[in-house]
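Only this structure's heavy atoms are used, side chains among them; waters, hydrogens and symmetry mates stay out.
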Amino acid sequence: AALQLRDLSSNVLWLLACRRAHGGLSTALDRGDARAVEVGLSRLDSLLRLSSMLSGLGILRPARTHEFCQRYVERLFHENVRRGLDAGAVIPGSTKGLHASHLLRIKMEPSVGQLMEQEMKHRDKLHMAVQKGFAGSRKLQLHDEDLTGLPENLRKQWVSRFGSWAAWRKAKYSLLVGRGTMAKVMPFCQSASTRERVFEAYYSQFADLGVHEAALDLLRTRQELAQRLGFRSWADYELRPLAVTDATAAQRLLDNCWKDVQKGLVPLHRRMDELATSAAGGGQASSPPAGGQATLANVSQVDEAFFRALVTREMDAIKLAEFLPAASALRGLLDVVGQVYNVGFKEVPIDHLQSGWRSSTRVFEVSDTPSQSTSLSGRRLGFVYLELEQPRGSWFRPPLALPPGATLLCRG
């Protein structure tokens with residue numbers, strides 16, 4: 001069945017689910033059933049990873065209580081792993097459902113364990129500070145002439161619901177400067193002064209939110225932890241399990257990728273430079289550097305998104321969107337994906353109040369039967385939870401600034 005968030009929508013309910021999984025794992029350890037131990041470890045580990053995902057989506061609140069519950073369950077998990085190691089029911093490298101990082105934390109010295117706990121705290125602190133910056137903490141009051149070039153369907157979200165009765169506003173438009181506002185204003189607003197104001201307000205707020213201090217604390221802790229674990233740097237520690245096993249090789253790979261993409265960027269950047277020079281009333285754009293490197297000689301960071309949108313005609317997508325309602329466009333998109341991967345999508349009606357999902361969330365069951373097939377014998381592959389709108393905040397929850405993309409909530 002589709003995931004019912006009401007079953008995991010509070011720290012207490014999630015904790016009860018973990019306790020059930022812990023009970024099954026303990027029973028398997030008592031019996032010495034290696035297969036059942038693997039299943040128990042996998043379930044408990046999946047619940048831990050799922051809780052991190054749900055917390056990032058703003059579902060498990062309050063954050064302080066969730067942090068306490070998360071640490072309690074992690075302690076239970078490691079105690080069971082240690083017990084399985086002592087009894088021979090858990091075999092490193094053979095027992096499935098057990099990540100190597102868990103074994104590392106169990107075998108390490110207490111001081112190193114404290115450093116790992118500290119690294120997690122600093123990482124969470126940085127994540128929260130960045131999320132607040134993405135959501136926006138500053139507001140700008142703007143008029144019609146400040147938003148020249150923006151279509152009305154983009155402007156209307158910043159107008160007060162009370163219209164002209166909103167006498168407390170200093171201007172018609174009140175912009176909360178977050179990631180969403182940046183994505184709408186910077187590419188399409190024709191006022192250079194407005195773009196500069198929005199750019200400065202957006203990036204300066206990260207310093208006020210403590211992002212720089214949190215990042216430095218995290219870097220210092222990671223460097224110390226990596227050295228205690230026998231690595232030169234945190235990058236070497238993270239890269240060790242991968243095909244590129246050290247920071248030098250990773251940097252070389254990235255440099256080669258950047259070098260290969262230069263030829264494709266040169267025409268785009270040259271055209272952007274020409275438009276920027278023409279807009280500034282200049283004569284001829286600066287010639288590109290030797291070697292075919294893609295650089296912007298006449299475009300500042302503030303105006304980069306604007307001139308890129310002009311060259312790539314991003315406004316055409318905004319105009320075209322008016323003729324593609326989300327409902328019909330989504331159906332067509334799922335049909336295309338189904339044909340490419342030979343799967344089918346069937347929408348599952350859910351009671352949002354009972355299930356816990358937001359009202360804007362739609363749920364689709366994925367099966368290995370194509371959508372055009374009349375057969376109903378397809379094997380279920382999982383569920384897709386689709387949210388087309390950015391979640392808004394409320395009195396009880398701060399707004400989230402989730403980047404577009406997909407997240408694996410749990411294995412099917």
Side-chain angles (χ1 to χ4, degrees), residues 133-136 140 142-159 173-203 257-258 261-282 285-286 288 293-334 336-337 360 386-392 400-406:
F134 285 162
L140 291 179
L142 301 178
H143 301 275
D144 282 311
E145 57 270 20
D146 297 321
L147 297 176
T148 305
L150 262 74
E152 185 61 31
N153 61 336
L154 292 183
R155 295 188 188 193
K156 63 182 181 181
Q157 62 183 307
W158 300 313
V159 179
Y173 303 101
S174 179
L175 282 68
L176 179 63
V177 186
R179 178 191 292 207
T181 299
M182 286 285 289
K184 296 177 178 66
V185 174
M186 301 306 290
F188 307 120
C189 181
Q190 297 178 4
S191 172
S193 60
T194 299
R195 295 198 302 268
E196 185 174 359
R197 289 177 62 188
V198 173
F199 185 91
E200 178 65 26
Y202 178 72
Y203 285 103
C257 292
W258 175 241
V261 82
Q262 294 291 302
K263 294 180 181 179
L265 288 177
V266 167
L268 172 66
H269 286 188
R270 184 184 294 120
R271 181 59 179 151
M272 290 171 63
D273 271 334
E274 291 173 355
L275 290 176
T277 302
S278 176
S286 303
Q293 293 184 354
T295 59
L296 292 172
N298 305 295
V299 180
S300 66
Q301 276 189 309
V302 175
D303 297 327
E304 183 177 345
F306 177 72
F307 287 107
R308 183 175 63 248
L310 285 178
V311 174
T312 57
R313 303 181 66 89
E314 291 183 24
M315 180 56 74
D316 291 351
I318 300 295
K319 295 178 179 179
L320 185 62
E322 300 179 13
F323 303 96
L324 293 173
S328 55
L330 176 61
R331 187 68 263 173
L333 177 62
L334 292 179
V336 171
V337 175
S360 57
L386 185 64
E387 192 155 25
L388 298 176
E389 302 175 4
Q390 188 71 255
R392 296 184 178 181
L400 294 173
L402 302 176

Quiz prompt | Minimum heavy-atom distance Val198-Val177, with the two atoms named | solution = O-CG1, 3.7 Å
Quiz item: Can you find a heavy atom in the side chain of Arg308 that is under 4.5 Å from one in the side chain of Val299?
Solution: no
Quiz item: Do you know the tightest heavy-atom contact between Glu314 and Pro187?
Solution: OE1-CB, 4.0 Å
Quiz prompt | Atom CD of Glu196: over 12 foreign heavy atoms under 6.0 Å | solution = no
Practice problem: State the CG-CD distance between Leu147 and Gln190, to the nearest 0.5 angstrom. | Solution: 11.0 Å
Quiz item: In Å, rounded to the nearest 0.5 Å, how long is the span from CD of Gln157 to CG of Leu154?
Solution: 6.5 Å
Self-check item: Glu152 atom CD, over 12 foreign heavy atoms within 6.0 Å
Solution: yes
Self-check item: Nearest heavy atoms of Tyr202 and Arg179, plus distance in Å
Solution: CE1-N, 3.6 Å
Exercise. Nearest 0.5 Å please: distance from the CH2 atom of Trp158 over to the CG atom of Leu150.
Key: 5.5 Å
Self-check item: Asp144 vs Tyr173 side-chain heavy atoms within contact, under 4.5 Å
Solution: yes
Exercise. Over all heavy atoms of both residues, which pair between Met272 and Glu304 is shortest? Give the atoms and the distance, please.
Key: CE-O, 3.5 Å
Quiz prompt | Partners meeting salt bridge (charged side-chain N to carboxylate O under 4.0 Å, His left out) with Asp146 (sequence neighbours left out) | solution = none
Quiz item: Is any side-chain heavy atom of Leu268 closer than 4.5 Å to a side-chain heavy atom of Arg271?
Solution: no
Quiz prompt | Any donor-acceptor N/O pair, Arg195 side chain to Asp303 backbone, under 3.5 Å | solution = no
Quiz item: Which heavy atom in Glu145 sits nearest to a heavy atom in Thr148, and how many Å separate them?
Solution: O-OG1, 3.0 Å
Quiz item: About how many Å separate CG of Asn298 and CG of Asp273, when rounded to the nearest 0.5 Å?
Solution: 4.5 Å
Quiz item: Roughly how far, to the nearest 0.5 Å, is OG1 of Thr194 from CG of Leu140?
Solution: 9.0 Å
Practice problem: Nearest 0.5 Å please: distance from the CZ atom of Phe188 over to the CG atom of Leu310. | Solution: 9.5 Å
